[in-house]
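Read the structure below first, then the notes.
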Amino acid sequence: KGLRGKEHERTPRITSHFSQKERVTMREALKGAIQIPTVSFSSKELNTTALTEFGRYIRKVFPTVFQTSFIQHEVVGEYSHLFTVQGSDPSLQPYMLLAHIDVVPAPDEGWDVPPFSGLERDGFIYGRGTLDNKNSLMAIMQALELLLIRNYIPRRPFFIALGHDEEVSGVNGAQKISALLQARGVQLAFIVDEGSFILDGFIPNLKKPFAMISVSEKGAMNLLLQVNMTPGHSSAPPKETSIGILSAAVSRLEQTPMPNMFGDGPMKMALQQLANEFPFPANIILSNLWLFRPLVSRWMERNYITNALVRTTTALTMFNAGVKVNVIPPVAQAIVNLRIDPAQTVQEVLKLAKDIVADDRVQFQVLGAFDPLPVSPSDDQALGYQLLRQTVHSVFPEVNIVVPGICIGNTDSRHFTNLTTGIYRFNPIYLQPQGFRSIHGINEKISVQAYETQVKFIFELIQNADTDRMPAPHLHEL
Ligand SMILES: CCCCCCCC/C=C\CCCCCCCC(=O)N[C@@H](CCCCN)C(=O)O
Ligand SMILES: [Zn+2]
Ligand SMILES: [Zn+2]
């Protein structure tokens with residue numbers, strides 16, 4: 001199965017029809033992946049046994065990928081995987097499909113079925129990772145396996161990168177893969193990663209689902225706030241304690257939202273492109289943002305998810321104080337997790353936070369921070385965006401709106417800005433608000449049908465990418 005003599009040869013298009021046996025095999029393969037508890041608790045606490053087992057598992061369920069001579073497989077950072085698919089036309093710029101192996105913890109409480117059972121119930125496969133992100137990982141590998149079984153030879157070279165520590169920063173997985181490719185002089189046409197969906201029911205009055213391809217992602221900052229006071233006997237307390245001062249400070253942060261930044265970024269473009277899908281008068285309002293921008297920016301604030309799309313969010317996530325019931329606490333500490341709007345920077349947000357707290361007794365320490373990601377192109381010449389748009393239209397003919405957006409969470413793709421300006425975050429599956437809450441929450445699940453469609457999507461996308469022409473021009477879906 002080498003590429004010798006196959007240079008520039010086009011293999012005929014293969015229809016994405018899967019046999020009953022293949023459909024059973026692919027769903028069982030996903031269940032098996034869910035059963036391996038590749039949990040990242042912290043950057044120092046990964047389940048390395050499970051990560052090793054996962055490496056063995058993908059070799060077992062995708063044998064053709066591992067046996068194909070024009071595909072090179074490397075383990076990076078001990079547990080991450082990089083596949084280099086040569087492609088028969090090296091003159092075409094490569095792209096990358098990205099997914100991650102690790103998942104966040106999932107205590108059994110609250111789940112209808114145990115989170116690592118991979119059980120199927122009423123047409124859904126349940127478990128941690130079914131939406132974030134073993135569905136993508138398995139669909140990418142499965143689609144390639146099925147294409148190879150059908151003797152498909154990709155024209156355009158591409159990489160598959162499977163990070164093992166995305167949930168705790170990606171520094172030992174995605175970041176090392178990125179450095180390795182940079183050292184090899186690789187430049188990518190585009191990257192497709194997790195991070196957005198075909199959104200259904202997120203916007204009141206908008207009945208139709210639409211695909212949102214995230215072209216940027218928010219920055220982040222973990223801020224430690226600390227107050228030190230002289231300890232003493234609780235029978236004669238001072239007027240204010242470290243706990244009281246710190247509580248007031250974090251409460252001010254929670255009660256004072258960061259400024260609404262809705263303006264010229266991807267979200268404005270998204271709402272303009274969605275305008276005609278709304279009933280009167282919202283359609284008129286959204287088509288005339290030059291006039292109604294203040295009204296729309298306030299409307300976006302009303303729901304906690306759309307609110308996250310227009311401003312830096314402030315989440316109080318940890319609080320620690322006190323050593324004994326009758327001791328005035330010497331120190332109180334809190335951690336605030338901020339997600340930074342693409343129109344702001346870490347430094348601007350840090351200053352805003354200090355101004356809101358406005359109390360010199362509170363010390364600030366930035367535990368970790370990075371700026372928002374640059375906005376990837378979504379114009380007619382943006383190959384990655386147009387290929388995704390084309391593939392959405394063919395695999396989901398009922399979805400006629402594709403818009404650019406921003407990703408409110410962080411993804412491994414942020415480690416690849418050195419290799420490409422085209423980073424697109426998109427999972428080809430329908431997501432309702434309930435599904436959104438299940439990500440990192442309880443009863444995360446994917447329908448068997450949605451997973452099969454995700455495999456079909458990647459199967460089509462790989463073939464669509466094997467073109468040297470741009471997909472048909474973008475007809476503004478207004
Ligand atoms: C007008 C349109 C309304 C749209 C509503 C938007 C709905 C948002 C949909 C999906 C967002 C899901 C985000 C999934 C990606 C999150 C990945 C993730 O959890 N990353 C972690 C990384 C942690 C790294 C350690 N620092 C995270 O962000 O916490
Ligand atoms: Zn994820
Ligand atoms: Zn996650």
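Since the structure is predicted, the reported quantities are computational estimates derived from the model, not experimental observations. Numbering starts at 1 and runs along the sequence shown. Ligands are counted one by one from 1 in listed order, and the atoms in each one are counted from 1 as well.
- Residue T411 does not touch ligand 1, judged by heavy-atom distances below 4.0 Å.
- Evaluated by nearest non-hydrogen atom to atom 29 (O) of ligand 1, the leading choice among H440, E167, R339, M300 is R339.
- Using modelled atom types, one finds no donor on one side chain facing an acceptor on the other under 3.5 Å when comparing H100 with D165.
- By the 4.0 Å heavy-atom criterion, R425 is excluded from the residues contacting ligand 1.
- Contact check on E301 versus R298 returns no salt bridge, with no Lys/Arg side-chain nitrogen under 4.0 Å from an Asp/Glu carboxylate oxygen.
- Atom 26 (N) of ligand 1 lies below 4.0 Å from none of the non-hydrogen atoms of the protein.
- At the shortest separation from atom 14 (C) of ligand 1 among protein heavy atoms lies G195 CA, 4.2 Å.
- Residues R437 and Q434 bring no donor and acceptor atom of their side chains to less than 3.5 Å of each other.
- Distances shorter than 2.8 Å separate the Zn ion (ligand 2) from the protein N/O/S atoms H100 NE2, D132 OD1, E194 OE1, E194 OE2.
- Nearest heavy atoms, I213 versus R389: CD1-N, 4.3 Å.
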Verdict with reasoning, T391 to E460, per side-chain hydrogen bond (donor to acceptor under 3.5 Å, both in side chains): CA-CA 7 Å; T391 314; E460 293 285 336; over 6 Å; no
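- Note on ligand 1: L199 sits in its first shell, one or more heavy atoms being nearer than 4.0 Å.
- The N/O atoms of N410, backbone and side chain alike, include one that comes under 3.5 Å of an N/O atom in ligand 1.
- The protein atom (non-hydrogen) at minimum distance from atom 6 (C) of ligand 1 is I305 CG2, 3.6 Å.
- Annotation: atom 1 (C) of ligand 1 to nearest protein heavy atom, I203 CD1, 3.3 Å.
- Interface atoms of ligand 1 facing G409, defined by a heavy-atom separation under 4.0 Å, are 28 (O).
- Ring pair F436/F202 is perpendicular by interplanar angle, where above 60° counts as perpendicular and below 30° as parallel.
- Proximity of E166 to ligand 1, defined as any heavy-atom pair under 4.0 Å, is shared by backbone and side chain alike.
- With a 4.0 Å heavy-atom cut-off, ligand 1 is reached by no atom of I439.
- Note: Y430 and F396 have perpendicular aromatic rings, judged against thresholds of 30 and 60 degrees for the angle between ring planes.
- Ring-plane geometry between F124 and Y126 is classed as perpendicular, the angle between the planes exceeding 60 degrees on a 0 to 90 degree scale with a lower cut at 30.
- At a threshold of 4.0 Å, the pair R293-D264 counts as salt-bridged, since one of the basic side-chain nitrogens sits closer than that to a carboxylate oxygen.
- Protein heavy atom in closest approach to atom 3 (C) of ligand 1: L309 CD1, 3.6 Å.
- Within the 4.0 Å heavy-atom cutoff, S169 counts among the residues contacting ligand 1.
- Listed by number with element, the atoms of ligand 1 under 4.0 angstrom from any heavy atom of F210 are 2 (C).
- Distance check, rounded to the nearest 0.5 Å: OG1 of T130 to CG of N443 gives 9.5 Å.
- E194 contributes no side-chain N or O that, together with a main-chain N or O of T411, makes up a donor-acceptor pair within less than 3.5 Å.
- A salt bridge is absent between R128 and E167: the closest approach of a Lys/Arg side-chain nitrogen to an acidic carboxylate oxygen does not fall below 4.0 angstrom.
- Near M267, with a cut-off below 4.0 Å to any heavy atom, the atoms of ligand 1 are 1 (C).
- Between P377 and A382, the shortest heavy-atom contact is O-CB, 3.4 Å.
- Remark: minimum distance from atom 8 (C) of ligand 1 to any protein heavy atom is reached at F436 CE1, 4.0 Å.
- Counted by atom type alone, E166 and N133 present zero donor-acceptor pairs between their side chains at under 3.5 Å.
- Ligand 1 lies out of reach of F370, whose nearest heavy atom is not under 4.0 Å from it.
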